[in-house]
Amino acid sequence: MLSITLRTLHTRWVTFVGSFVALSLGVALIAVMGLALASSLDAPDRGPERFAAAPVVVKGQDTFEVPTSIGDRTQKLAQPRAVPDDAAAKLRDLGTVVEDRSFAVRAEGGPSDLVGHPWSTAAFAPYELDAGRAPEAADEIVVSGDWARPGARVRTDGGTVRVVGAVGGLGFENAVFYTDAHAAELAPRSFQLVVDADAAAVREAVRGSEGVQVLTGDARRYADADPDRDSEALTAMNAMFGTAGGVTGFVSVFVVASTFAFAVAQRRREFGLLRTAGATPGQIRRMVVSEALVVGVLASAAGCVLGSYGAPKLAEWAVDESLAPRWFTIGDYTWPYHMAFCTGLFVALCGVLAASWRAGRTGPTEALREASVDTRPMTWGRWLFGAALLITAAVTLALALVTDQGDLLQRKTYVSRPMLLITAVALLAPVLVRPLARLIAWLPAQLPGVGGMLVRENAAAGVRRTAAVAAPVLVTVALAGSLLGATATLNEAKATEVREQTTADFVVTEAGGTGFDEATLQRLRAVSGAEVSASSSSAVYVLEDGVALIRSDARAVEPEGLAATARLPLAAGKASDLDDDSIIVNGEWRKHTVGERVDVWLGDGTRKSLKVAAVMTIGTGNNGVYVTPRNAPAAPVDRVDVRLTDGADAGTVAAGLRQAVRASGGQVLTRDAWVRATYPETNRTTRMGFLLVLGIALLYTGISLVNTMVMATSDRVRELAVLRLVGATRWQVLRLVGAEALMVVMVGGLLGALVAGLNLLGMWSALGLLSVWTPIEVPWATLAAALGACAVLAVISAVAPAGLSLRRRAVELAGVRE
């Protein structure tokens, strides 16, 4: 049978080329994602940046530990503590002490990530003047980079200043340096000091000061603005490449298995001829498996080679789009190639396993059949697996809706759940294809002429062919609708939740991170016609089950202001009962009974027992908790909610608010504008990650669609020739082929829309059970673009080979032997 296998590969090269291309591209995608994921597991060692030339850095307490039965649990403090005054006094006796400060700066024409520092800290990076001089007055600054030159006047959120000097940028920040005195006014609190003294003497001076850290050598990097950004970047990249790898792996396995199964199903008459010639069922099966093995080995090897070229391109794109840090490159790993090769070979063999069993059962009389009608498109195995997966998807969704609705809102869930439903619908597709095809073609079939009727009957008769061609479209539309629709629906739910909870007419925010000073708050309270509620961002920590230290975002606000400007989604209790001895929690907390006391750690690490005053619904998971300002020590006021008093003019009040915060650089927004700014569209990393996933899926399924369509069209040469012989012109045949391709794409699109709709319906139901009623957001534009791209590819890939075939005489085509 080996010689027959090789001759079969030679004579049916179109079919095997299509399978080869689909498999090699699938293996390439798996290799690329595997290499990217492996390269994102480790980060290079990073040295200190802002304090590379600093002798010793002393840092106040910024973490706290809680002992548990399985070890200490550590969390970062929402309000880090400054170095104690007595310790700072001892350090000044040892040598020169420089207080470090950092705060956000907004400047016209400047980068969006400007950060301000005292000029005295510039020498520790070290920054060196390239032009001009150091700042000497409150309205003078020195900038890094070339966005402003000495002599220029720049309008900032802290007023108009004059650039008097410039330093070369060091790559890790865009800095603005003020005089030490003015920096202290802009950021009154200092959390770390640079000490010019012996490290051993410094450690002795701060001995006994709780949580104070003495940083030397490489440990000075922990005094940088974001010392954990590499680990955070790795986490983000792992999530992005892991999601992309999982989705692309599923798509490639799904499409390859479908393509191989269709390739075997096309050869029914060929197997009948072999059976007529005396081949046994076992020989037929071994031949099919041998073909898959040959194609699988060659395609998997080619895919690994393609992956080695594609992975560096992906890494460059991720760095250019700021989805990965500048140091990210593809490492020298081999296990992704082994995984991709073995996966490709395994999928190729699995793709023909069931088909080979069916091929072995082909009877000799199949060689005499000319009809292309699929009498049994569904095997018992396909029925069993399809129904099992569909029931599993329905049961897991029902259980989640009953027991843990919040799980359906997690990204890992709404990314993975569609895969199960896509597979189930694809397995059951032959059952759905025939009624869908008749429904879509019902109106065209009623028109004069036989074109509409032929399109309907050809699609309904060739169920396997229609299902195989529709499969890539199904995957594309289902993924686009499920992923983008889920994120858009969840974003809208969050915005709806916040909009309903906020009764303020205006929200005043600041962007520097230092909060509003008391003078600004007094000016805001003095605005006529405004009822002001100032609040602070903080956190509380609770030990769940004695082992897990959980952080909850908290908002510290006076009870009167909370009642005036907020409408909390309470499940129990009253918001007016909030006081310095109580807390408002949400239903996610283990202890959430009104009147019950719960031990918490405040934002600065202080332990305290608070009484539950009220309980909010869980919602989308962003409800957090509420405490009074006394339970958020040192938390600066970063938001002021303003409600108009009766008869107050909105325009006049808005003007007064803007005047009150002009000196501090605050921003006055209407409630709707604040909601849009607070909960914008999906964050850029998630959005680009999804676009990466969908882009790869669309590219791959597009190529697979072309492959499958070419394979299907090449197998219909004799059928097209018969149409020519009965009087159809060449252009009529081509129009018929194009119309059939369009209808198949519509079938796939409807099946994909069905999957996406069911997934979004599940999320919408979960949101409703969590007391968040929001409309389902369907990405119509994206779905239309994906479906349009699939339609164009399908028509071209069907009409082009058909046109080439019809260049020969119809009599010759009708006599073609397989």
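Remember, predicted model here, so these are calculated numbers, not experimental data.
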Any side-chain heavy-atom pair from [X] and [Y] closer than 4.5 angstrom?
{"X": "L568", "Y": "L562", "answer": "yes"}
{"X": "W589", "Y": "S552", "answer": "yes"}
{"X": "Q61", "Y": "V212", "answer": "no"}
{"X": "S533", "Y": "V557", "answer": "yes"}
{"X": "N631", "Y": "K608", "answer": "yes"}
{"X": "R417", "Y": "L397", "answer": "yes"}
{"X": "V661", "Y": "F516", "answer": "yes"}
{"X": "L521", "Y": "V637", "answer": "yes"}

If we ignore hydrogens and angles and just use 3.5 Å, is the side chain of [X] paired with the main-chain N or O of [Y] as donor and acceptor?
{"X": "S482", "Y": "L479", "answer": "no"}
{"X": "R567", "Y": "T502", "answer": "no"}
{"X": "T645", "Y": "A648", "answer": "no"}
{"X": "T593", "Y": "E596", "answer": "no"}
{"X": "H117", "Y": "R101", "answer": "yes"}

[X] and [Y]: side-chain donor and acceptor closer than 3.5 Å?
{"X": "E588", "Y": "N623", "value": "no"}
{"X": "S537", "Y": "R555", "value": "yes"}
{"X": "K59", "Y": "Q213", "value": "no"}
{"X": "Q79", "Y": "D604", "value": "no"}
{"X": "R597", "Y": "S609", "value": "yes"}
{"X": "E777", "Y": "T489", "value": "no"}

Rounded distance [0.5 Å steps], [atom1] in [X] versus [atom2] in [Y]:
{"X": "L760", "Y": "L490", "atom1": "CG", "atom2": "CG", "value": "11.5 Å"}
{"X": "Y626", "Y": "I584", "atom1": "OH", "atom2": "CD1", "value": "8.0 Å"}
{"X": "L602", "Y": "R607", "atom1": "CG", "atom2": "CZ", "value": "11.5 Å"}
{"X": "D638", "Y": "T509", "atom1": "CG", "atom2": "OG1", "value": "8.5 Å"}
{"X": "L761", "Y": "L758", "atom1": "CG", "atom2": "CG", "value": "7.0 Å"}
{"X": "L570", "Y": "Q501", "atom1": "CG", "atom2": "CD", "value": "9.5 Å"}

Exercise. R50 and D224: salt bridge (Lys or Arg N to Asp or Glu O under 4.0 Å), yes or no, with the steps?
Worked result: CA-CA 6 Å; R50 279 198 62 222; D224 289 332; 5.9 Å; no
Exercise. Should we count CH2 of W601 as having more than 12 external heavy atoms under 6.0 Å?
Worked result: yes
Problem set entry | Over 12 foreign heavy atoms within 6.0 Å of CG, D85 | no
Shortest non-hydrogen separation from [X] to [Y] and the atoms involved:
{"X": "A673", "Y": "L669", "value": "CB-CB, 4.2 Å"}
{"X": "G619", "Y": "V772", "value": "CA-CG2, 3.7 Å"}
{"X": "E99", "Y": "S190", "value": "CB-OG, 3.6 Å"}
{"X": "G546", "Y": "T68", "value": "O-CB, 3.3 Å"}
{"X": "V527", "Y": "V653", "value": "CG1-O, 4.0 Å"}
{"X": "T487", "Y": "L484", "value": "OG1-O, 3.0 Å"}

For this session: Using the six-membered ring wherever Trp is involved, compare the ring planes of F103 and Y178 and label them parallel, tilted or perpendicular (cut-offs 30° and 60°).
Result: tilted
Exercise. Does the side chain to side chain donor-acceptor pair (under 3.5 Å) test come out yes or no for D672 and T670, once each step is laid out?
Worked result: CA-CA 6 Å; D672 290 340; T670 63; 5.8 Å; no
Seminar exercise, completed: Per side chain to side chain contact (heavy atoms under 4.5 Å, CB included), V585 is matched among K591, M616, H592 by H592
Can you name the residues that form a side chain to side chain contact (heavy atoms under 4.5 Å, CB included) with [X], not counting sequence neighbours?
{"X": "A138", "value": "H182"}
{"X": "T652", "value": "D649"}
{"X": "V594", "value": "A572, V615"}

Problem set entry | Audit row: V640, V507, side-chain contact (heavy atoms from CB on, under 4.5 Å) steps and yes/no | CA-CA 6 Å; V640 178; V507 178; over 6 Å; no
Problem set entry | Carboxylate-amine/guanidinium proximity below 4.0 Å for R590 and D545 | yes
For this session: Check step by step if side-chain contact (heavy atoms from CB on, under 4.5 Å) holds for N586 and T617.
Result: CA-CA 6 Å; N586 61 67; T617 59; over 6 Å; no
For this session: Could you walk me through whether R499 and E497 pass the salt bridge (Lys or Arg N to Asp or Glu O under 4.0 Å) test, one step at a time?
Result: CA-CA 6 Å; R499 191 180 298 112; E497 193 174 38; over 6 Å; no
For this session: Test D641 against R643 for salt bridge (Lys or Arg N to Asp or Glu O under 4.0 Å), laying out the working first.
Result: CA-CA 7 Å; D641 292 359; R643 187 173 183 179; over 6 Å; no
For this session: For R671 and D505, run side-chain contact (heavy atoms from CB on, under 4.5 Å): C-alpha distance rounded to whole Å, both residues' side-chain angles, the deciding distance at 0.1 Å, then the answer.
Result: CA-CA 6 Å; R671 182 184 66 170; D505 297 291; over 6 Å; no
Exercise. Which is it for L408 and Q405 under the side-chain contact (heavy atoms from CB on, under 4.5 Å) test, yes or no, and what are the steps along the way?
Worked result: CA-CA 6 Å; L408 293 175; Q405 301 89 0; 5.5 Å; no
Seminar exercise, completed: Exactly one candidate in E518, E558, E531 meets salt bridge (Lys or Arg N to Asp or Glu O under 4.0 Å) with R525; the answer is E518
